[in-house]
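To keep things clear, I will list the structure first and then write my remarks on it.
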There are 2 protein chains.
Amino acid sequence: MRSLAHPEKGELQLDAVLSALADPIRRQIVGYLAASPGTHACSAFNLPVTKSTSTHHFRVLREAGLIRQDYQGTAILNSLRTEDLDAQFPGLLQAVLKPTNVAPLSPVVDVHDRD
Amino acid sequence: MRSLAHPEKGELQLDAVLSALADPIRRQIVGYLAASPGTHACSAFNLPVTKSTSTHHFRVLREAGLIRQDYQGTAILNSLRTEDLDAQFPGLLQAVLKPTNVAPLSPVVDVHDRD
DNA sequence: TCTATTGTACGATGTATTCCGTACTACGAT
DNA sequence: ATCGTAGTACGGAATACATCGTACAATAGA
């Protein structure tokens with residue numbers, strides 16, 4: 001079973017978190033995870049970039065500690081590390097994800113991946 | 001009297017604000033302005049970079065709408081746009097500036113510039 | 001075993017960012 | 001008029017970042 005490295009809750013860096021959130025595509029990912037709790041495969045996000053770019057953005061989010069990624073077969077289950085983030089940076093996620101701030105880029109259609 | 005361009009309160013972009021806050025030097029500036037309300041000349045911040053780099057960071061903050069810059073003689077009075085930011089992105093400033101998150105790089109000594 | 005699906009690795013490219021030094025402007029004070 | 005102070009403009013160097021295409025790895029299912 002493959003697995004991916006994640007920073008511990010106590011290791012989260014504000015620098016990395018803010019840099020990760022500064023990109024609109026990554027904010028779209030985080031916004032979707034926040035709006036649709038649970039786990040979602042990378043392919044469910046309808047991002048306006050290629051697969052390899054998508055991989056890059058998910059990795060940035062994981063390495064910053066914003067999301068957790070667990071393999072399930074060939075897919076990856078992505079989830080938001082809400083509790084860890086709220087513990088380390090209280091209020092930050094809520095502030096960034098306020099509805100008015102979430103860019104509704106693509107409406108994320110055709111999702112069929114609930115766990 | 002020289003003057004500098006600022007985005008209107010309603011024009012603030014979350015993208016630009018988060019990018020601006022992602023840099024530790026700029027967060028140091030914002031943190032100092034938040035901790036010491038009022039206006040402060042650029043030279044009062046004891047930043048670990050040269051004058052020209054300092055100018056660059058202040059401009060990024062101004063163009064993102066985080067600070068206001070008004071000439072007074074040859075100096076510039078910098079102030080935090082707290083109200084505009086709280087109106088557009090409620091909770092964001094507080095979350096980013098939580099004491100534990102503010103890197104105490106240099107203690108900012110020898111300040112003699114209260115208005 | 002073969003095939004399709006999901007995502008990764010790697011290298012390339014263009015752009016943006018950070019930082020510097022030097023020369024300059026604007027202003028106040030002498 | 002001259003000088004010092006505060007900050008800007010400009011150009012350059014190093015680095016980082018977003019993006020892509022192609023080739024590959026891992027897994028599930030037929």
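Below, read A as the first sequence line, B as the second, and so on, with proteins coming before strands; counting in each chain starts at 1.
- Put simply, CD on Gln88(B) and CZ on Arg81(B) are 9.0 Å apart, with the number rounded to the nearest 0.5 Å.
- Taking 4.0 angstrom as the limit, Thr50(B) places a side-chain polar atom (N or O) nearer than this to OP1 or OP2 of dC20(C).
- If you take CG of Asn78(B) and P of dA6(D), they are 13 Å apart, rounded to a whole angstrom.
- Here Tyr71(A) lies in heavy-atom contact (under 4.0 Å) with sugar-phosphate atoms only.
- Using a 4.0 Å heavy-atom criterion, one finds that His56(A) contacts the bases of the nucleic acid, with or without backbone contacts as well.
- Within the 4.0 Å cut-off from OP1 or OP2 of dT6(C), not a single side-chain nitrogen or oxygen of Arg2(A) is found.
- As rounded to whole Å, 15 Å separates atom P of dA9(C) from atom CZ of Phe58(A).
- Rounded to whole Å, the distance from CZ on Phe45(B) to P on dG7(D) is 9 Å.
- The base of dT27(D) lies outside donor-acceptor range of the side chain of Thr74(A), with no N or O pair under 3.5 Å.
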Between Cys42(A) and Thr55(A), does a side chain to side chain contact (heavy atoms under 4.5 Å, CB included) hold up when you go through it step by step? CA-CA 8 Å; Cys42(A) 297; Thr55(A) 295; over 6 Å; no
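- A side chain to side chain donor-acceptor pair (under 3.5 Å) with His57(A) is found for exactly one of Arg62(A), Arg26(A), Gln28(A), namely Arg26(A).
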Chi angles and distances behind the side chain to side chain contact (heavy atoms under 4.5 Å, CB included) call for Val17(B), Leu66(B): CA-CA 7 Å; Val17(B) 170; Leu66(B) 279 155; 4.3 Å; yes
Could you go through the side chain to side chain contact (heavy atoms under 4.5 Å, CB included) check for Leu77(B) and Tyr71(B) one step at a time? CA-CA 6 Å; Leu77(B) 300 184; Tyr71(B) 273 104; over 6 Å; no
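- If you take NE2 of His57(B) and P of dT18(C), they are 6 Å apart, rounded to a whole angstrom.
- When rounded to the nearest whole Å, the span between CG of Asp70(A) and C1' of dT6(C) equals 15 Å.
- dA6(D) atom C1' lies 13 Å from atom CG of Leu4(B), rounded to whole Å.
- Cluster annotation: Val60(B) and Val96(B) are assigned to distinct hydrophobic clusters (Ile/Leu/Val/Met/Phe/Trp/Tyr, side-chain heavy-atom contacts under 4.5 Å, transitive).
- Toward the 5' end of DNA chain C, the nearer of the two residues Ser52(A) and Ala75(A), judged by each one's closest nucleotide, is Ala75(A).
- Taking side-chain N and O atoms only, Arg59(A) has a distance below 4.0 Å to OP1 or OP2 of dA9(C).
- The side chain of Lys51(B) has dT8(D) as its nearest neighbour among dT19(D), dT8(D), dT6(C).
- Between the CG atom of Leu77(B) and the C1' atom of dT5(D) there is a distance of 15 Å, given to the nearest Å.
- Side chain Thr55(B) to base dG7(D): no donor-acceptor pair is found below 3.5 Å.
- Among the nucleotides dA9(D), dC19(C), dA18(D), the one closest to the side chain of Thr53(B) is dC19(C).
- Atoms CG (Leu47(A)) and C1' (dG7(C)) sit 13 Å apart, rounded to a whole Å.
- Of all nucleotides listed (dT19(D), dG7(C), dC20(D)), dG7(C) comes nearest to the side chain of Ile76(A).
- Within 4.0 Å of Ser43(B), counting heavy atoms only, lie sugar-phosphate atoms of the nucleic acid but no base atom.
- Comparing dC19(C), dT8(D), dA18(D) by their closest approach to the side chain of Arg26(A) singles out dA18(D).
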